[in-house]
Amino acid sequence: MHLAIDESRHAQGISSPNPPVGAIILAADGTIVGRGHTQPPGGPHAEVIAIIDAGPATRGATAVVTLEPCDHTGRTGPCSTALIDAGIAEVHYASDDPNPAAAGGAQTLRDAGVVVVGGVESAAAEAGPLRAWLFRQRHGRPFVTAKLAATVDGRIAAPDGTSQWITGVPARRRAHRQRGALDAIVVGTGTVIRDDPALTARYDDGTLRPHQPTRVVMGLRDIPSGARVTDDSAPLRHVRTHDPTQVLDALGDALWVLVEGGPGIVGAFLDAGLVDEVEAYVAPVVLGAGASSVDIGGVHTLTDARRFSLTAVETLGDDVLLRLSR
Ligand code: AOF
Ligand code: ZN
């Protein structure tokens, strides 16, 4: 299942609005004979790619899938039938499909004599690539991560505005890998005017990763002509509002959205209760003056603070990443 979860990472971003699912096919002796992940909407689901990859080796084999195989004809045919027709003997899956239109594959497989085991490593699958899709199924909006990158005294720039670079190369590398799995990345017009970020997902050598999130600029001011976000390396949306709810509405059926700044934009999402996770990169740097990473109007006393729970601490070179959830 952990291999299937790793396989599903390749579908993050490209499968939206469908879930990024991974599938592994094992022969009776345990060797891997096929693997697959969800293709863009209208393309094959993970199981079908894995079945094609395995070829005749599917007869009597075991399929390990991160989501209950679908049982419906939507944009593609049912994976339950595809697994039965391929002669798969056992299906192990992590999470039940909460989408009533597609659920029921486990029962269809059992009725056809396939051995089905559900709930395998479901906690890992649900905290992994399926997280944003499951969140959207339950709450009807994207999962929102707010990214902060600051000094130990919480500052993102010196008083003269210089801000590059506070975090080191490993932290920035992780941020680019994450961008490659997102549907959208949100900044304010102020950030675009001041910093002129590209907001693309890149490799170390500067070349573009295969999937690019939509660059979303929120705010009433115009985007300067010639700004890097206007180039053709990724889609751009300018949403002329200060209201985070309107921004999420404008993103349609996006699954995972990253809010990157500046401080007023992150503050507005926090204030609206629309931050599901905070990723705070802390660099071993003390500035002593300069803007801080979050700005919320109307905060006066400690009970105004937004509190999160610590879910993980990662070390990235000299920096530390704190992952916080609601
Ligand atoms: C699977 N394997 O890899 C995925 C599944 O519109 P369709 O036909 O592409 O179906 C989308 C629904 O199918 C989606 O809402 C979810 O319930 C399920 N996704 N199922 O067996 C997959 N991506
Ligand atoms: Zn399917």
Side-chain angles (χ1 to χ4, degrees), residues 1-26 32 34-54 58 61-112 114-122 124-143 181-183 211 251-256:
M1 187 58 76
H2 287 276
L3 293 176
I5 293 170
D6 282 344
E7 179 67 30
S8 74
R9 295 185 201 287
H10 300 291
Q12 280 189 286
I14 69 164
S15 70
S16 298
N18 280 345
V21 176
I24 300 283
I25 295 180
L26 302 172
I32 294 170
R35 50 175 83 221
H37 57 267
T38 314
Q39 298 302 299
H45 287 178
E47 298 89 323
V48 172
I49 298 284
I51 287 168
I52 294 167
D53 189 34
T58 53
T62 295
V64 182
V65 194
T66 60
L67 185 68
E68 177 188 3
C70 72
D71 200 37
H72 79 316
T73 300
R75 281 166 282 221
T76 68
C79 290
S80 52
T81 311
L83 291 161
I84 293 163
D85 292 347
I88 292 286
E90 286 192 32
V91 173
H92 297 219
Y93 70 90
S95 298
D96 291 325
D97 191 334
N99 174 9
Q107 194 55 48
T108 298
L109 288 159
R110 283 194 186 102
D111 292 346
V114 176
V115 174
V116 179
V117 184
V120 179
E121 295 291 306
S122 56
E126 290 167 15
L130 281 179
R131 178 181 64 172
W133 181 78
L134 290 170
F135 183 91
R136 173 137 216 149
Q137 293 289 309
R138 288 188 197 117
H139 303 286
R141 65 164 178 84
F143 186 88
L182 296 165
D183 295 295
H211 170 71
L251 293 180
D253 45 20
L255 300 181
W256 189 16

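Both counts, for ligands and for their atoms, begin at 1 and track the order of listing.
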Taking side chain as C-beta onward, heavy atoms only, is [X] less than 4.5 Å from [Y]?
X     : Y     : answer
Leu83 : Pro69 : yes
His45 : Asn18 : yes
Asp85 : Ile51 : no

Touching ligand 1 at all, [X]? Heavy atoms, strictly under 4.0 Å?
X     : result
Ser15 : no
His72 : yes
Pro19 : yes

Review point. Of all the N, O or S atoms in His45, which one sits nearest to the Zn ion (ligand 2)?
Key: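 This residue's closest N, O or S atom turns out to be ND1.
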**Study point:** His37 and His10 aromatic ring geometry - parallel, tilted or perpendicular at 30°/60° bounds
**Key:**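 Answer is tilted, since the angle falls between 30° and 60°.
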Review point. Within less than 2.8 Å of the Zn ion (ligand 2), any N, O or S from Cys70?
Key: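 It does; at least one qualifying atom falls short of 2.8 Å.
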Check your understanding: If you measure every N/O of Val21 against every N/O of ligand 1, is any gap under 3.5 Å?
Key ->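 Such a contact does not occur with ligand 1.
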Exercise for review: Using distance alone, determine whether Leu67 and ligand 1 share an N or O pair under 3.5 Å.
Suggested key: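 No, there is no polar N/O contact under 3.5 Å.
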**Study point:** Main-chain N/O of Val21 paired with Thr38 side-chain donor or acceptor, under 3.5 Å
**Key:**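 Pair found, side chain donor or acceptor close to backbone of Val21.
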Practice item. Please report which non-hydrogen protein atom sits nearest to atom 17 (O) of ligand 1, along with the residue it belongs to and the distance in Å to one decimal place. Key: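 Minimum-distance protein heavy atom for atom 17 (O) of ligand 1 reads Asp97 OD2, 2.6 Å.
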